[in-house]
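Inspection log for the structure reproduced underneath, given as structure tokens.
The chain is numbered in sequence order, starting from 1. No experiment lies behind these values; they were computed from the predicted model shown.
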Amino acid sequence: MKDDKQRQVDGRYMRMARIWAENSYCKRRQVGALIVKERMIISDGYNGTPSGFENNCEDEGNKSLPYVLHAEANAITKVARSNNSSEGATLYVTASPCMECAKLIIQSGIKRVVYAEEYRLTDGVDLLREAGIEVERIDEKN
């Protein structure tokens with residue numbers, strides 16, 4: 001079990017990720033992500049469309065458009081374009097990662113994932129655990 005100080009830090013970063021999610025133009029669900037390494041935020045992301053696309057995430061039927069990027073993918077690709085490395089970092093994300101994002105997390109060298117909301121599918125979290133990545137769900141109110 002994590003010590004109280006780590007739990008407090010995790011709660012603070014999760015609240016920051018929740019605030020960052022407010023940048024999303026998606027109507028169905030707003031998700032935010034932060035990549036933290038050595039107590040520094042090295043990248044951030046929220047779900048939305050790729051650069052240069054109109055900020056509409058859903059079609060007329062309120063279904064997500066196929067090119068919408070998840071918050072985790074945005075944060076990982078942003079750090080890839082920087083001089084930072086996500087090797088050994090922690091990812092804070094407001095919703096549990098899907099299978100596609102889990103693969104990106106594994107390949108990016110992130111070693112710990114902390115999330116708040118459980119997504120209806122658990123295959124992404126299951127894959128992360130199978131890969132030896134520490135995964136923890138926390139109550140956002142902490």
Side-chain angles (χ1 to χ4, degrees), residues 1-59 62-142:
M1 185 171 201
K2 295 286 174 195
D3 61 21
D4 281 343
K5 187 172 183 176
Q6 183 63 56
R7 253 183 273 145
Q8 288 176 349
V9 169
D10 288 346
R12 287 184 194 115
Y13 282 126
M14 189 58 69
R15 287 192 300 276
M16 292 168 71
R18 173 60 60 206
I19 290 167
W20 200 245
E22 295 173 12
N23 288 313
S24 172
Y25 286 89
C26 296
K27 295 176 185 125
R28 287 181 45 226
R29 172 180 271 186
Q30 294 179 311
V31 179
L34 298 175
I35 299 176
V36 177
K37 186 173 180 179
E38 298 168 5
R39 301 240 174 171
M40 290 184 294
I41 298 170
I42 62 168
S43 191
D44 54 58
Y46 51 87
N47 57 327
T49 56
S51 299
F53 282 71
E54 194 174 330
N55 286 320
N56 291 329
C57 297
E58 295 89 5
D59 62 17
N62 203 32
K63 194 172 177 199
S64 288
L65 295 169
Y67 52 83
V68 169
L69 289 161
H70 290 185
E72 307 94 300
N74 262 329
I76 290 168
T77 55
K78 188 186 271 189
V79 79
R81 291 180 70 176
S82 74
N83 291 327
N84 287 316
S85 166
S86 54
E87 187 71 38
T90 297
L91 171 71
Y92 293 90
V93 61
T94 58
S96 60
C98 70
M99 177 63 82
E100 293 303 311
C101 289
K103 292 188 276 187
L104 292 174
I105 292 165
I106 293 165
Q107 290 301 98
S108 71
I110 290 169
K111 294 299 177 204
R112 182 170 179 251
V113 175
V114 180
Y115 70 94
E117 298 170 17
E118 192 80 55
Y119 185 61
R120 62 183 167 81
L121 301 174
T122 63
D123 55 354
V125 170
D126 296 340
L127 183 67
L128 292 172
R129 287 192 173 119
E130 187 177 328
I133 293 173
E134 181 185 344
V135 181
E136 187 174 349
R137 182 177 183 202
I138 65 166
D139 184 345
E140 285 182 84
K141 297 171 189 98
N142 287 342

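Of all heavy-atom pairs spanning S85 and I42, the tightest one is O-CD1, 3.4 Å. Taking both residues in full, the closest heavy atoms of V68 and C57 are given as CG2-O, 3.4 Å, listed atom of the first, atom of the second, then distance. When all heavy atoms of Q30 and S24 are compared, the pair lying nearest together is NE2-O, 2.7 Å. When every heavy atom of V135 is checked against every heavy atom of R129, the shortest pair comes out as O-NH2, 3.6 Å. Closest heavy-atom contact between V113 and P97: CG1-CG, 4.0 Å. Closest approach of A33 and W20 over heavy atoms only: O-CD1, 4.2 Å.
For E58, the CD atom counts as densely surrounded, since its 6.0 Å shell holds more than 12 non-hydrogen atoms of other residues, nucleotides or ligands.
A donor-acceptor pair under 3.5 Å links the side-chain atoms of T94 to the main chain of G32, judged by distance alone.
The existence of a salt bridge linking E117 and R18 is confirmed by a sub-4.0 Å separation between a basic side-chain nitrogen and an acidic carboxylate oxygen. A salt bridge does not link R7 to D10: none of the charged nitrogens lies less than 4.0 Å from a carboxylate oxygen.
When I35, V79, L128 are each tested for a side chain to side chain contact (heavy atoms under 4.5 Å, CB included) with I110, only one passes: I35.
Not a single side chain to side chain donor-acceptor pair (under 3.5 Å) links T77 to another residue, sequence neighbours left out. With sequence neighbours excluded, the residues that form a side chain to side chain contact (heavy atoms under 4.5 Å, CB included) with N56 are E54.
In the model, R28 has a side-chain atom that pairs as donor or acceptor with a side-chain atom of S64 under 3.5 Å.
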Next item on the list: Apply side-chain contact (heavy atoms from CB on, under 4.5 Å) to V125 and Y115, showing your working.
Entry: CA-CA 10 Å; V125 170; Y115 70 94; 4.1 Å; yes
Item checked: I41 and M16: CA distance, side-chain angles, deciding distance, side-chain contact (heavy atoms from CB on, under 4.5 Å) verdict -> CA-CA 10 Å; I41 298 170; M16 292 168 71; 3.3 Å; yes
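Residues R29 and Y119 are in side-chain contact: their nearest non-hydrogen atoms beyond the backbone lie under 4.5 Å apart.
The disulfide bond (SG atoms under 2.5 Å apart) contacts involving residues 68-128 comprise nothing, where partners must be two or more places apart or lie in separate chains.
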